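The structure presented is a predicted model; accordingly, all values stated were derived computationally and were not measured. Labels below follow one simple rule: chain letters A, B, ... track the order of the sequence lines, proteins then strands, and each chain is numbered from 1.
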2 protein chains.
Amino acid sequence: MSTIGKLSAAAGVKIPTIRYYEQIGLLPEAPRSEGGQRIYDHKALNRLRFIRHSRELGFPLEAIRDLLDLADQPQSSCAAADGAAKAQLAAVKTRILRLKALEAELERMIADCAHGVVADCRVIEVLGDHSLCGHEHHPQTGTL
Amino acid sequence: MSTIGKLSAAAGVKIPTIRYYEQIGLLPEAPRSEGGQRIYDHKALNRLRFIRHSRELGFPLEAIRDLLDLADQPQSSCAAADGAAKAQLAAVKTRILRLKALEAELERMIADCAHGVVADCRVIEVLGDHSLCGHEHHPQTGTL
DNA sequence: GCTACCCCCTATAGCGGCTAGAGCTTCAAG
DNA sequence: CTTGAAGCTCTAGCCGCTATAGGGGGTAGC
């Protein structure tokens, strides 16, 4: 029984984002008032909160789509939801490890900075020569 | 004295990415052979390696542009490079903290999973109700 | 010389996940 | 009945690439 603005405030999701979710089919098409404005009920709010919380946990929208499908079928096994959560956990752990390596290297670079001119700058030097950094990097892949 | 393919292999950066970097002005326009193919020298390789390493450390392209400008002026102070590295380090630390919170919550969700049907699934339940998760989230902002 | 083949070229469109803006209509309060 | 906030659609843009289509260049063997 509420407009998109109220829904936005209640769920903590911006208005254009809500319309975007509808556009890509993550939210069902909302019923409209006579004048064409979207009308939402409590179910829509729950669904949007589910999406928001999942996004905050780093799930990609496609994974959320699958989770929503699962949630819509309460009789099915929760193994798939469990699996999605485990996959997400593994992804998060990987990103933490990668970021910690970056953190260590950045700290080393900064600690070695002589605070002189660029010609002697350890930061610039290390960035230009991978062999100085002392460990392997892997190409960027993920988000978050 | 090498083609884009060799440069790509030597620097570990894909060919379309190299052309993209040239397009956005991160690499200078490469001289061309008679037939119009790009020709690269050792300086180009160094510059590309610098970019790659910086990207691996999570610097956005705009920050890399600034770092390259600095590296091109070896007489200037390295304070700016130091500052960029510190900003990047702070960003990395923030992301690590956020990801650790996510990790903890995902682990709790998964541990609580009853392995039954979706109707009783803790994973789905927690995703749908933020109040069950026991801490604050913040909206997604960063990459990596 | 000629062919076969791989490499290179440009240009355009698409990815995820939104966000911003223009220019209009609808709704609720006073 | 008027005003102004809040809604609507549509299009384009963000980052950092990646993919595809449809062509031309360069070289090694015959």
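- Per the geometry, CD belonging to B:E34 stands 8 Å off P belonging to D:dG26, to the nearest Å.
- Looking at A:D72 and A:R47, a side-chain N of the basic residue comes within less than 4.0 Å of a carboxylate O on the acidic one, giving a salt bridge.
- Between the P atom of D:dG26 and the CD1 atom of B:I4 lies a distance of 14 Å, rounded to the nearest Å.
- For A:L61, taking side-chain heavy atoms from C-beta onward, the closest of the listed nucleotides C:dC9, D:dG16, C:dG17 is C:dG17.
- A salt bridge does not link B:E29 to B:R38: none of the charged side-chain nitrogens sits closer than 4.0 Å to a carboxylate oxygen.
- Taking only side-chain nitrogens and oxygens, B:T3 comes nearer than 4.0 Å to OP1 or OP2 of C:dC8.
- Using a 4.0 Å cut-off between a side-chain N of Lys or Arg and a carboxylate O of Asp or Glu, B:K93 and A:E107 qualify as a salt bridge.
- Non-hydrogen atoms lying under 4.0 Å from DNA chain D are contributed by A:I15, A:R19, all within residues 15-23 of chain A.
- Looking at A:L27, A:V13, A:I18 one by one, the single match for side chain to side chain contact (heavy atoms under 4.5 Å, CB included) with A:I51 turns out to be A:L27.
- In the hydrophobic clustering of ILVMFWY residues, with side-chain heavy atoms under 4.5 Å counting as a link, B:L102 and A:L97 come out apart.
- Ranking D:dG16, D:dG26, C:dC18 by closeness to the B:S33 side chain, first place goes to D:dG26.
- For the contact set between residues 35-44 of chain A and DNA chain C, defined by any heavy atom under 4.0 Å, the members are A:G35, A:Q37.
- What separates NZ of A:K6 from P of C:dC27 is a distance of 13 Å, to the nearest Å.
- Classification of A:E105 and A:R108 as a salt-bridged pair fails, no side-chain N sitting under 4.0 Å from a carboxylate O.
- The interatomic distance linking B:L26 (CG) with D:dC15 (P) rounds to 13 Å, in whole Å.
- Looking at A:L7 and A:L48, their side chains come closer than 4.5 Å, going by heavy atoms from C-beta outward.
- Neither OP1 nor OP2 of C:dT26 sits under 4.0 Å from any side-chain N or O of A:R32.
- Rounded to an integer number of Å, the gap from A:E56 CD to C:dG17 P is 15 Å.
- In this structure, A:R65 does not pair ionically with A:D69, as no charged nitrogen and carboxylate oxygen lie closer than 4.0 Å.
- Between the NZ atom of A:K14 and the C1' atom of C:dC18 there is a distance of 9 Å, given to the nearest Å.
- For the pair B:R52 CZ and D:dC17 P, the computed distance is 12 Å after rounding to whole Å.
- Considering only heavy atoms from C-beta on, B:Q88 comes within 4.5 Å of B:P60 through its side chain.
- As rounded to whole Å, 10 Å separates atom C1' of D:dC17 from atom CD1 of B:I24.
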